[in-house]
Amino acid sequence: MKFCPKCNSMLLPRKVNGVSKLVCSKCGYEEESAEKTTLKTTVKHTVHDKTLVIEEETASAQRIKGVVCPNCKNDEAYFWMLQTRSADEPATRFYRCVKCNKVWREYE
Ligand SMILES: [Zn+2]
Ligand SMILES: [Zn+2]
């Protein structure tokens, strides 16, 4: 704790134009603070392993011909099976158009 040499009041730390100073609140006396300001830069690296569902699906997907896309009428699509409801029900077959990327499912 530092005190003002003029009026013996407590000096308060204050920043003046980016410089840390000790300023007397009573008479306005100020002196440069001996305390040096250190800039702390904390860089956080957070790696999130985000695996998109669509990527997983496409990885196991097979390319098939003869399936007509309801969107652009292209006859080539990727298809994959997916268990959507309970395990005792048959897996739903999904298609993804190779041309316009539309995804649709097949109802049997
Ligand atoms: Zn003072
Ligand atoms: Zn299409």
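Note that ligands are numbered from 1 as they come in the structure, with each ligand's atoms numbered from 1 the same way.
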Which angle, to the nearest 10 degrees, do you find at the Zn ion (ligand 1) between SG in C7 and SG in C27?
-> 120°
Which angle, to the nearest 10 degrees, do you find at the Zn ion (ligand 1) between SG in C24 and SG in C4?
->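 Value returned, to the nearest 10°, is 110°.
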Return the minimal non-hydrogen interatomic distance between V98 and E76, and the atom names on each side.
->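 That would be CG2-O, 3.1 Å.
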Where do W104 and C69 come nearest, in terms of heavy atoms and distance?
->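 Minimum heavy-atom contact is CH2-CA, 3.5 Å.
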Apply the salt bridge (Lys or Arg N to Asp or Glu O under 4.0 Å) test between E31 and each candidate in K21, K2, K6; give the one that qualifies.
->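 Looking at K21, K2, K6, the match for E31 under the salt bridge (Lys or Arg N to Asp or Glu O under 4.0 Å) is K2.
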Looking at R14 and E30, does any basic side-chain N land under 4.0 Å from a carboxylate oxygen?
-> no
Which word best sums up how the rings of F94 and W80 line up, parallel for under 30°, tilted for 30 to 60°, or perpendicular for over 60°?
-> parallel
Between CZ on residue R105 and CZ on residue R93, distance to nearest 0.5 Å |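 Those atoms lie 14.0 Å apart.
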Spacing of CZ belonging to F3 relative to CG belonging to L22, to within rounding of 0.5 Å |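 So the gap between those two atoms works out to 11.5 Å.
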One checks the Zn ion (ligand 2) and counts protein N, O or S atoms under 2.8 Å, reaching 4
